[in-house]
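Since we're looking at a predicted model, the values are computed, not measured. Each chain gets a letter, A, B and so on, in the order the sequences are listed, and its residues count up from 1.
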There are 2 protein chains.
Amino acid sequence: MRADAQRNRGRLIEAAREVFREQGYDASLDEVAKRAGVGAGTLYRHFPSRDVLMDAIMQRWVDRVNDSVEKVLVHEGEPRDLLLTWFETYVDLISMHKGGPAKITSAMGDEGSPIVTKCQTLAAATQRVVDRLEEQHALREHIEAVQMCRLVGGVASVADSADLEPAAVRPLLEVIADGVLV
Amino acid sequence: MRADAQRNRGRLIEAAREVFREQGYDASLDEVAKRAGVGAGTLYRHFPSRDVLMDAIMQRWVDRVNDSVEKVLVHEGEPRDLLLTWFETYVDLISMHKGGPAKITSAMGDEGSPIVTKCQTLAAATQRVVDRLEEQHALREHIEAVQMCRLVGGVASVADSADLEPAAVRPLLEVIADGVLV
DNA sequence: TGCGAAACGGAGAGTGTCTCCGTATAGTCG
DNA sequence: CGACTATACGGAGACACTCTCCGTTTCGCA
């Protein structure tokens, strides 16, 4: 890639991070281009769709996910605490932008989605928590990581679009935890 | 209301039903006006926002909700069956249009929402199921109807946006049921 | 039948998406 | 170093959608 292209790509990602943080997932892409100091054409050449841009933004986020699950797993304690801690972390992770929870959760399990690799990261992290719980024989039968992602993702979507307080989210996560634990 | 206004209002609601069914909640309102054979101004005079139009469409749906809960409640049987039947019915009811589950669930508990009365209908129906379960001492403590609506609504949102099969939804509902039942 | 209030409709302003193509420039080669 | 070409840029503009404004039409009462 030519040096100027590389530079503009970087600027666009930075600008998009800013704009999406401020205005949510639906922010205007022209605004992103303007903020980056490039033309709209340049934006669309680098990122043919909003999702592809989203995917690029989230590269850094992948590391956050992996760090987070690592931290959660070192914690010794009751399975229920472990699970709830992971659920709360999970909700935080996918709620970075308004509209994020729905976006990420709906892409879960969709091979064709541009953010499929991100979802896989999240699913893999959840799988590690599931593995730990299974070692402890704490999980009911037939519970899969992807199902837990969908359940918690559903709660996060609702919390996101209804502007729910964390205090209102916690009991919902507890219900899910009680539903998957023996 | 003048006769022509009444007539146009009816036409708009019919057209909106059609268009929303075909194209989901995000369909163009100009298309609705065109389909109804009226100008855009007429549409916006009757229904200042998409949500108000949605609300009008859903008048008929309220009856469906009440009929449905009635049917579910006459069924004798295990609490878990009753609850799961209601959950599946609930998902069906709010999944009439693409985007419906998210719309309805996010409006749940928001006083200012134009579809607040619809949400209340749904919450009241769920409350009746909760009451029945409490009579049977089948519910855990501190479980409220609105929480169940959010949980099931979350699942429905995910199922809607990820195009999940009913067979994939069922186990998610089972987790929630197991999480709220003693 | 005549009139005023009520309702209509569609042009157009505002906003966002995405494309096209003339222009500019990075990087290479003689 | 200067010329050349593939690569990239940028922004005007086509298209789509939302919503408003206001001149025109129609209803329904007296």
Side-chain angles (χ1 to χ4, degrees), chain A residues 1-57 97-100 102-103 106-107 112-115 161, chain B residues 1-57 97-100 102-103 106-107 112-115 161:
Chain A
M1 194 186 299
R2 246 169 62 171
D4 53 346
Q6 187 79 57
R7 182 164 22 87
N8 280 331
R9 196 188 140 85
R11 282 183 186 168
L12 279 165
I13 291 176
E14 266 321 303
R17 254 197 254 281
E18 252 184 62
V19 173
F20 284 158
R21 186 169 36 241
E22 288 169 19
Q23 304 177 29
Y25 180 78
D26 285 336
S28 154
L29 295 186
D30 274 19
E31 170 66 23
V32 172
K34 195 187 297 174
R35 192 85 64 108
V38 306
T42 301
L43 187 155
Y44 286 98
R45 198 171 327 99
H46 284 290
F47 308 104
S49 78
R50 183 181 292 272
D51 281 335
V52 174
L53 176 56
M54 220 26 196
D55 187 66
I57 285 185
H97 307 289
K98 194 133 187 77
K103 203 73 206 168
S106 74
S113 166
I115 60 172
S161 62
Chain B
M1 194 187 300
R2 247 169 63 172
D4 53 346
Q6 187 79 56
R7 182 162 23 86
N8 281 331
R9 196 188 140 85
R11 281 182 186 168
L12 279 164
I13 290 176
E14 267 321 303
R17 254 195 254 280
E18 253 184 61
V19 173
F20 284 157
R21 185 168 38 240
E22 286 168 20
Q23 304 177 30
Y25 180 79
D26 285 336
S28 154
L29 295 185
D30 273 19
E31 170 66 23
V32 172
K34 195 188 296 174
R35 191 85 65 108
V38 306
T42 301
L43 187 155
Y44 286 97
R45 197 170 328 99
H46 284 290
F47 308 104
S49 78
R50 183 182 292 272
D51 281 335
V52 175
L53 177 56
M54 222 24 198
D55 187 65
I57 285 185
H97 306 290
K98 195 132 187 79
K103 203 73 206 166
S106 75
S113 167
I115 59 172
S161 62

Heavy-atom nearest pair, B:His97 first then B:Ile57, reads NE2-CG2, 4.5 Å
Please walk me through it: do B:Lys103 and B:Asp51 pass side chain to side chain contact (heavy atoms under 4.5 Å, CB included)?
-> CA-CA 9 Å; B:Lys103 203 73 206 166; B:Asp51 281 335; 3.2 Å; yes
Interface with DNA chain D, restricted to residues 8-36 of chain A and to heavy atoms under 4.0 Å | A:Asn8
Partner set under side chain to side chain donor-acceptor pair (under 3.5 Å) for B:Gln23, not counting sequence neighbours = none
How would nucleotides 23-30 of chain D be written as a contact map, 5' to 3', with B for base contact, S for sugar-phosphate-only contact and - for no contact, using protein heavy atoms under 4.0 Å?
-> ---BSS--
Can you tell me how far CE of A:Met54 sits from OG of A:Ser49, rounded to the nearest 0.5 angstrom?
-> 11.0 Å
Residues in side chain to side chain donor-acceptor pair (under 3.5 Å) contact with B:Asp30, at least two apart in sequence or another chain | none
Close side-chain approach of A:Arg35 and A:Glu22, heavy atoms under 4.5 Å | yes
Near DNA chain D, under 4.0 Å by heavy atom, which residues of residues 43-54 of chain B?
-> B:Tyr44, B:Arg50
Phosphate OP1/OP2 of C:dG9: any B:Thr42 side-chain N/O under 4.0 Å | yes
Base, sugar-phosphate alone, or nothing: which one does A:Ala5 contact when heavy atoms must sit under 4.0 Å apart?
-> sugar-phosphate
Under the side chain to side chain donor-acceptor pair (under 3.5 Å) rule, collect the residues that match up with A:Arg17, sequence neighbours excluded.
-> A:Glu14
For B:Leu12 against B:Ala33, the heavy-atom pair lying closest together = CD2-CA, 4.2 Å
For B:Arg9 and B:Met1, what are the C-alpha separation, side-chain angles and deciding distance, and is it a side chain to side chain contact (heavy atoms under 4.5 Å, CB included)?
-> CA-CA 10 Å; B:Arg9 196 188 140 85; B:Met1 194 187 300; 4.2 Å; yes
Partner of A:Tyr44 by side-chain contact (heavy atoms from CB on, under 4.5 Å), out of A:Val52, A:Leu53, A:Leu29 | A:Leu29
